[in-house]
Amino acid sequence: MLEARDLEATRGDRTLFSGVSFSLAPGGLLRVTGANGRGKTTLLRALCGLLLPAAGEVRWKGQNIRALREEYWAHLLYIGHANALKDDLTPEENLAFASRIGGITVSRDRVHAALTRFGLGGRERLPVRALSQGQRRRATLARLAVAEAATLWILDEPFAALDTAGIGLVQSMAGEHLARGGMVVLTTHQDARIEAPSAIDINL
């Protein structure tokens, strides 16, 4: 269970949001929407434990995530709106590196299979700087295909820069993850058509 209790975030002397509360159980999808500048990314970073909210707390299995730290992060996959790829490395090298940082050991065959699933077959050994924006986003999202150990996916604008096929693939993978008892939190400006046993919508 992922719980938020009366979360509040500020930027300077301005309140971005306050009183944000929810409980997300296995199989649950949380969609966060709102205009730019309303704090969607800030909320996601607070849920990841990457920043301290001005008020309230985030709990995982009943405990504050700030006390759990690495124990919580072992269950978490966070993909931000920035692709966080190294331009001089290939998609293959980037995915292997990101997996190691996340504590996941993946074989070269699994890396290739993940990149192929995301439409990068034949491009996995090109430097990232040679890829289009859509291909870079696919290279980043290929982490979803090797993240079975991560119960909780937190995704910031995962559909940005993707074509219709790419959006459909991410929606399908999120639905599969939820059907396995995982949880997904995402921000989006688009209609996220994801099959979910339960869903919560928050508009900031």
Whether the side chain of [X] engages the backbone of [Y] through a donor-acceptor N/O pair (distance < 3.5 Å, no angle test) should be reported.
X	Y	result
S23	E3	no
K40	A35	yes
E176	A174	no
T187	E157	yes
S172	G168	no

Answer yes or no: does atom [atom1] of [X] have more than 12 heavy-atom neighbours from other residues, nucleotides or ligands under 6.0 Å?
X	atom1	result
E195	CD	no
R38	CZ	no
R193	CZ	no
R69	CZ	no

Minimal non-hydrogen separation, [X] against [Y], with atom names:
X	Y	result
G39	L16	CA-CD1, 4.2 Å
D6	S21	N-OG, 2.8 Å
N36	H189	OD1-NE2, 3.2 Å
P197	G27	CD-O, 3.0 Å
F17	L7	CD1-O, 3.7 Å
A114	A145	CB-CB, 3.6 Å

Could you give the distance from [atom1] ([X]) to [atom2] ([Y]), rounded to the nearest 0.5 Å?
X	Y	atom1	atom2	result
L131	L85	CG	CG	8.5 Å
L155	R31	CG	CZ	13.5 Å
T164	L169	OG1	CG	12.5 Å
L2	H75	CG	NE2	12.0 Å
Q63	M1	CD	CE	14.5 Å
L43	C48	CG	SG	9.5 Å

Same apolar cluster (I L V M F W Y, side chains within < 4.5 Å links), [X]/[Y]:
X	Y	result
L162	L186	yes
Y78	I104	no
F118	L126	no
L68	L50	yes
V32	L178	no

Side-chain contact, heavy-atom cut-off 4.5 Å: [X] with [Y]?
X	Y	answer
L52	R66	yes
Q135	L120	yes
W60	L152	yes
T105	R110	no
P127	D88	no

Testing L89, N83, V111 for side chain to side chain contact (heavy atoms under 4.5 Å, CB included) with N94, which one passes?
L89

Cationic N near anionic O, under 4.0 Å, D163 to R138
yes

Trace of the side chain to side chain contact (heavy atoms under 4.5 Å, CB included) decision for R143 with L95:
CA-CA 7 Å; R143 292 172 60 194; L95 181 53; 3.6 Å; yes

Derivation of the salt bridge (charged side-chain N to carboxylate O under 4.0 Å, His left out) call for R136 and D87:
CA-CA 10 Å; R136 293 182 187 203; D87 283 350; 3.6 Å; yes

With under 30° as parallel and over 60° as perpendicular, where do the rings of W153 and H177 fit, or are they tilted in between?
parallel

